[in-house]
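Here is how names work: the chains are called A, B, and so on, in the same order as the sequence lines, proteins then strands, and each is numbered from 1. All values derive from a computational prediction rather than experimental measurement.
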Number of protein chains: 2
Amino acid sequence: MFSSFKLTGEEREALNAISTRIHRPAKRRVYTQGEPGNHIYRIRSGAVRLEHHMKDGRNQIFAFLWADDMFGTLEDGMYHTSAITLVDTYLFQISCSALKGLVEVYPRIQALFLQQALDYAKTAERHLLLATCPLVIKRLAGFLLECSRQKDFFDRQTNILTLAMDRKDIADYLGFAIETTSRTLKELEDMGLIQRLSSQRIKIDCARIGAFV
Amino acid sequence: MFSSFKLTGEEREALNAISTRIHRPAKRRVYTQGEPGNHIYRIRSGAVRLEHHMKDGRNQIFAFLWADDMFGTLEDGMYHTSAITLVDTYLFQISCSALKGLVEVYPRIQALFLQQALDYAKTAERHLLLATCPLVIKRLAGFLLECSRQKDFFDRQTNILTLAMDRKDIADYLGFAIETTSRTLKELEDMGLIQRLSSQRIKIDCARIGAFV
DNA sequence: CGCGTCCTTGAACACCTTCAATTCAAGTGG
DNA sequence: CCACTTGAATTGAAGGTGTTCAAGGACGCG
């Protein structure tokens, strides 16, 4: 419906004019849950995780974000998640107030944000489907498939997936214990669906995993 | 950021002009997953569930929707969920192509949809937090709290919640078996947090449930 | 009253978590 | 270059929690 939308040259230039390029090394905070904020972000390169910390100690990861994804939604002027880089990451930082003014002049720019919001919603639905699979092994298998859709981290020639996140991140994303990540990776390896080359590099059999999930 | 947006009288009128009022009794389909479509919907009164049916037989409910909520996102021209009324429901039906034309004339109307998309995303996040609670009883307790935010179905005077959905719907929303819904309601009742007046009417102790979750 | 549907309850089993210990990999300093 | 340190990843064993399968109840409608 609102897909395949393109900004005009003028619109893009105006957007660039209010954007600041910033950089974060791996595993650094972009912002923290509960912190007041006035910026939204767009990933130029790298990867980010959005996590929500709860009173009971649970740390739910809402999403892993990749190049071109946007994040930084505010609730009552505060970030309701923390955003943390997984790897060395370059970002655009856009001031909300400047953006508000720009949208007055170029209302079409809203379509860009609508598209992002719809994408995020769709991603959240896929995430829910994964996280609620009754069997942990299907969650993880589906997760590896999702990861291999990121061209920057998956080599189609060799079928080698480079995990940008650690075991705890995977556990927090899929809703199980960190030990379960290890055990289940081993189980997938025993079934011949993957091959652990190192803790972060995994050779995956896309066809068989696809059939299994 | 994009909240508290209001259409002008002219914009609202233009939107009404392309909207059709339709009606569905309880437990009827508005549309079915996989079906091609060209309409989006807004709930005037009643309630709807969005569910996704999977090959493995699982039936995940993505959301329960209430008055003023919109639904009907398309993927490749097809609905990727089924929409089914829970109770007697009145809807606005809006043709996507007509809407596309209208947005050309009144680009500000996009803000309405952006707002809806952001709301839906936020709802999806809350859903994920519920559905991934390690203990089923916390999932259900949190769910009852969420339900009691719907003025149409919760009487603040008597603290009586009327469940618009059946046990299977709750199970499919929270990701457990239908028997678990029953057992866990009983457990909440034994703890004195709720009181089952009938299968659909529940008196809840908001304060104690809030403290428990 | 009989029937169907939805809800509830019981018991055995499977799965995942927890806690604890061990291995591994990458630095760091001598 | 090697010993030591540190954090992440892995493995093992016991226990708790939810599922499954099966049966029993409640309620509404003809």
Rounding to a whole Å, what distance do you find between A:D169:CG and D:dA8:C1'? 12 Å
Before we go on, tell me: are the rings of B:H39 and B:Y31 under 6.0 Å apart, centre to centre? no
Starting from the 5' end of DNA chain C, give me the residue, A:E179 or B:T181, whose nearest nucleotide shows up first. B:T181
Using atom CG of B:D172 as one end and atom P of D:dT19 as the other, report the distance to the nearest whole Å. 12 Å
Ring of B:F92, cation from B:R44 - is the NZ or CZ under 6.0 Å from the centre and inside 45° of the axis? yes
Could you tell me whether the side chain of B:V48 reaches within less than 4.5 Å of the side chain of B:F64, counting heavy atoms only? no
Any side-chain heavy atom of B:F62 within less than 4.5 Å of one from B:Y120? yes
Between C:dA14 atom C1' and A:R183 atom CZ, what is the distance in whole Å? 15 Å
Heavy atoms only, 4.0 Å cut-off, all strands: where does B:R196 land among base, sugar-phosphate and nothing? sugar-phosphate
Interatomic distance where CD1 belongs to B:I178 and P belongs to C:dC7 [whole Å]: 6 Å
Reckon A:E187 touches a base, only the sugar-phosphate, or nothing at all at heavy-atom distances under 4.0 Å? nothing
Between CZ of A:R201 and C1' of D:dA8 the distance, given in whole Å, is 18 Å
Tell me whether the OP1 or OP2 atom of D:dT10 has a side-chain N or O from A:K186 closer than 4.0 Å. no
Phosphate oxygens OP1/OP2 of D:dA9: is one of them under 4.0 Å from a side-chain N or O of A:S182? no
Pairing donors with acceptors under 3.5 angstrom, does anything connect the side chains of A:T132 and B:R58? yes
Check the distance between C:dT8's C1' and B:I194's CD1 and give it to me in whole angstrom. 14 Å
Does a nitrogen or oxygen in the side chain of A:Q200 sit under 4.0 Å from OP1 or OP2 of D:dA9? yes
Select one nucleotide: of D:dT19, C:dC16, D:dT10, the one nearest the side-chain heavy atoms of B:A177. D:dT19
Of the listed nucleotides C:dC7, D:dT10, D:dT17, the one nearest the side chain of B:D166: C:dC7
For A:M165 and D:dA9, give me the distance from atom CE to atom C1', rounded to whole Å. 16 Å
Whole angstroms only, please: what is the NZ-C1' distance between A:K138 and C:dC16? 17 Å
